[in-house]
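Whatever order the structure lists them in is the order used to number ligands and atoms, beginning at 1. Note that the structure is predicted; figures quoted are calculated from it, not measured.
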Amino acid sequence: MKIVVTGGLGFIGSHVVVELQQKGFEVVIIDNLSNADKNVFNGISEITGITPLFEEMDLRDKASVIDFFSRHTDVDGVIHFAASKAVGESVENPLLYYENNLNTLVYVLQELQKKDTANFIFSSSCTVYGQADQMPITENAPVKPAESPYGNTKQIGEEIIQDVCRVTPNLNAIALRYFNPIGSHESSLIGELPIGTPQNLVPLITQTATGQREQLSVYGDDYPTPDGTAIRDYIHVVDLAKAHVVALQKLLKREMSSNYDFFNIGTGKGSSVLEVVNAFEKVTGEKLNYKIVARRPGDVVEAYANTTKAKEVLGWQTELTLEDALASAWKWEQNIRGY
Ligand code: WQD
């Protein structure tokens, strides 16, 4: 079975490529290297002992997408990660996000629509829920007006896929709504490699622990939560990667009740910022220098998943803990920084 992974050299994409290869799938990676580097490719090959096919390509170039699928007529599935994902950047540069996240999706779906049968996994996000009214968040929670163009591209992306599936019975698709992916593969050969200043909490924690950053700013401790800091559902990226393989296998075996569905992919457990900081200190023995500062605009108070649907329909649930993820993130940081 040949699976195309767009954005396959990215943080989540690379971990999915490893899991796919280890399950015996032939993988073709498409990546434009805008937010990844070729070392990731070597890391994947070293972990699995299998060199994936790789095509450097920008999916915004419609002709390239058409050419690719005319050369690879035997594609059994596509897992689509290629997109920009920085919330703040999307506010500054919305058209970059609408072009890069939506045009590319349309071009790929246009090629899949031509096939006798096609299987498609879409990288979505819990961002679509905004601040949900009830915790844990189920898939029935209303999609709220997006707080950023980035979040809007995930909402629109899901709607595009749903509309196409409605008129394309041969296209089978699943959207996976990730909560907060963290950590890295146990080998430390692949992991989160933020280019420039990271936005996300865990790389900022590990860069503070190596001394690259002076101090971690904790954005607000005046939230209505037990310790006042915001709560998220931090999922180990390897568990997240495995969810993609399980979802793909469901599509390939035609085991879904409809040709479009979507799932929350999280641990089902909420952790506050300070709980993550404390867990990091406990797991690594490192003392973290942090200070409480003002809230970050746009942050929601809490978001953690109800994982019943993924468990009952996909037969998937997380196996790794927050501590496992933080330990792997620390090992990765030390590895890439030669710390
Ligand atoms: C987590 C918590 C911050 C940095 C974002 C995207 C979401 C998804 C995951 C792509 C929050 C706090 C953070 C820091 C802090 N990305 N924090 N100090 O905002 O939940 O989600 O990444 O799909 O779409 O929105 O993740 O890691 O930025 O923040 O206190 O230096 O850590 O306030 O409570 P977030 P995050």
*Asks:* Looking at Val218, which atoms of ligand 1 are within less than 4.0 Å of one of its heavy atoms?
*Replies:*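 This gives 30 (O) as the contact atoms.
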*Asks:* Charged N to carboxylate O below 4.0 Å: is that the case for Lys250 and Asp261?
*Replies:*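 Judged by the 4.0 Å cut-off on N to carboxylate O distance, Lys250 and Asp261 do not form a salt bridge.
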*Asks:* Centres of the Tyr178 and His244 rings: under 6.0 Å?
*Replies:*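 Yes, close enough.
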*Asks:* Using the side chain to side chain contact (heavy atoms under 4.5 Å, CB included) criterion, which residues pair with Gln215? Sequence neighbours excluded.
*Replies:*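 Per chain and number, Gln215 pairs via side chain to side chain contact (heavy atoms under 4.5 Å, CB included) with Asn289, Lys291.
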*Asks:* Looking only at protein heavy atoms, identify the closest one to atom 31 (O) of ligand 1 and say how far it is in Å.
*Replies:*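 The closest heavy atom on the protein side is Leu204 CD1, 3.2 Å.
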*Asks:* Which residue owns the protein heavy atom closest to atom 12 (C) of ligand 1, what's the atom, and how far is it?
*Replies:*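 Among all protein heavy atoms, the one nearest atom 12 (C) of ligand 1 is Val273 CG2, 3.8 Å.
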*Asks:* Please work out which of Ser217, Ser272, Ala86, Ser84 has its closest non-hydrogen atom nearest to atom 18 (N) of ligand 1.
*Replies:*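 Among Ser217, Ser272, Ala86, Ser84, the closest heavy atom to atom 18 (N) of ligand 1 comes from Ser217.
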*Asks:* Just to verify, which of Gln22, Glu19, Gln21 counts as forming a side chain to side chain donor-acceptor pair (under 3.5 Å) with Thr48?
*Replies:*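 That would be Gln21.
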*Asks:* Could you tell me whether Glu139 and Lys309 have a side-chain N and a carboxylate O separated by less than 4.0 Å?
*Replies:*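 Between Lys309 and Glu139 there is no salt bridge, as every charged N stays at least 4.0 Å from the carboxylate O atoms.
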*Asks:* Checking contacts here: is it the side chain or the backbone of Arg295 that comes within 4.0 Å of ligand 1, counting heavy atoms only? Could be both or neither.
*Replies:*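 For Arg295, no heavy atom sits under 4.0 Å from ligand 1.
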*Asks:* Among Tyr178, Tyr150, Phe11, Tyr290, which one has a heavy atom closest to atom 16 (N) of ligand 1?
*Replies:*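 Result: the heavy atom closest to atom 16 (N) of ligand 1 is in Tyr150.
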*Asks:* Below 4.0 Å from ligand 1: does a non-hydrogen atom of Tyr234 turn up there or not?
*Replies:*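 It does; at least one heavy atom falls under 4.0 Å.
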*Asks:* Please write down residue, atom name and distance for the protein heavy atom closest to atom 19 (O) of ligand 1.
*Replies:*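 It is Arg296 NH2, 2.9 Å.
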*Asks:* Hey, which atoms in ligand 1 end up nearer than 4.0 Å to a heavy atom of Gln199?
*Replies:*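 Heavy-atom distances to Gln199 below 4.0 Å select 4 (C), 28 (O).
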*Asks:* Against Ser124, only a single residue in Glu158, Arg177, Lys154 fulfils side chain to side chain donor-acceptor pair (under 3.5 Å); can you say which?
*Replies:*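 The passing option is Glu158.
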*Asks:* Which residue and atom name correspond to the protein heavy atom nearest atom 36 (P) of ligand 1, and how close is it?
*Replies:*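 Answer, as residue, atom name and distance: Asn200 ND2, 3.4 Å.
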*Asks:* Within a radius of less than 6.0 Å around NZ of Lys23, do more than 12 heavy atoms belonging to other residues, nucleotides or ligands occur?
*Replies:*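 No, because the 6.0 Å sphere around NZ of Lys23 holds 12 heavy atoms or fewer from other groups.
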*Asks:* Can you list the ligand 1 atoms lying under 4.0 Å from a non-hydrogen atom of Leu216?
*Replies:*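 So the answer, numbered in order with elements, is 31 (O).
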*Asks:* Starting from atom 8 (C) of ligand 1, what is the nearest protein heavy atom, named by residue and atom, and what distance separates them?
*Replies:*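 Going by distance alone, atom 8 (C) of ligand 1 is nearest to Ser125 OG, 4.4 Å.
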*Asks:* Could you tell me the residue and atom name of the protein heavy atom closest to atom 11 (C) of ligand 1, and the distance to it rounded to 0.1 Å?
*Replies:*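 I find the closest protein heavy atom is Arg232 NH2, 3.9 Å.
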*Asks:* For atom 34 (O) of ligand 1, find the nearest protein heavy atom and state the residue, atom name and distance (0.1 Å precision).
*Replies:*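 The closest heavy atom on the protein side is Ala230 CB, 3.3 Å.
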*Asks:* Looking at side-chain heavy atoms only, is the closest gap between Leu193 and Asn39 below 4.5 Å?
*Replies:*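 With C-beta onward as the side chain, the pair stays apart.
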*Asks:* Where the closest heavy atom to atom 35 (P) of ligand 1 is concerned, which of Val87, Asn180, Thr127, Val276 has it?
*Replies:*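 That would be Asn180.
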*Asks:* What I'd like to find out is whether the side chain of Ile235 reaches to under 4.5 Å of the side chain of Ile265, using heavy atoms alone.
*Replies:*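 With C-beta onward as the side chain, the pair touches.
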*Asks:* So, Thr117 versus Asn170: side-chain donor-acceptor pair below 3.5 Å or not?
*Replies:*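 There is no such pair between these side chains.
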*Asks:* Could you point out which residue of Asn152, Asn103, Thr153 forms a side chain to side chain donor-acceptor pair (under 3.5 Å) with Tyr98?
*Replies:*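 The single option meeting the side chain to side chain donor-acceptor pair (under 3.5 Å) with Tyr98 is Asn152.
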*Asks:* Polar-atom distance check: Lys85 versus ligand 1, any N or O pair below 3.5 Å?
*Replies:*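 No, since none of the N or O atoms of Lys85 sits under 3.5 Å from an N or O of ligand 1.
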*Asks:* Do the side chains of Asp299 and Arg295 get close enough for a salt bridge, i.e. N-O under 4.0 angstrom?
*Replies:*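 No.
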*Asks:* Can you pull out the closest protein heavy atom to atom 15 (C) of ligand 1? Residue, atom name and distance to 0.1 Å, please.
*Replies:*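 That would be Tyr219 CD1, 3.3 Å.
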*Asks:* For the 3.5 Å polar cut-off, considering only N or O atoms, please tell me whether Leu201 and ligand 1 meet it.
*Replies:*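 The answer is yes, given that Leu201 and ligand 1 share an N or O pair closer than 3.5 Å.
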*Asks:* Out of Val277, Asp299, Val128, whose heavy atom sits nearest atom 3 (C) of ligand 1?
*Replies:*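 Considering heavy atoms of Val277, Asp299, Val128, the nearest to atom 3 (C) of ligand 1 sits in Asp299.
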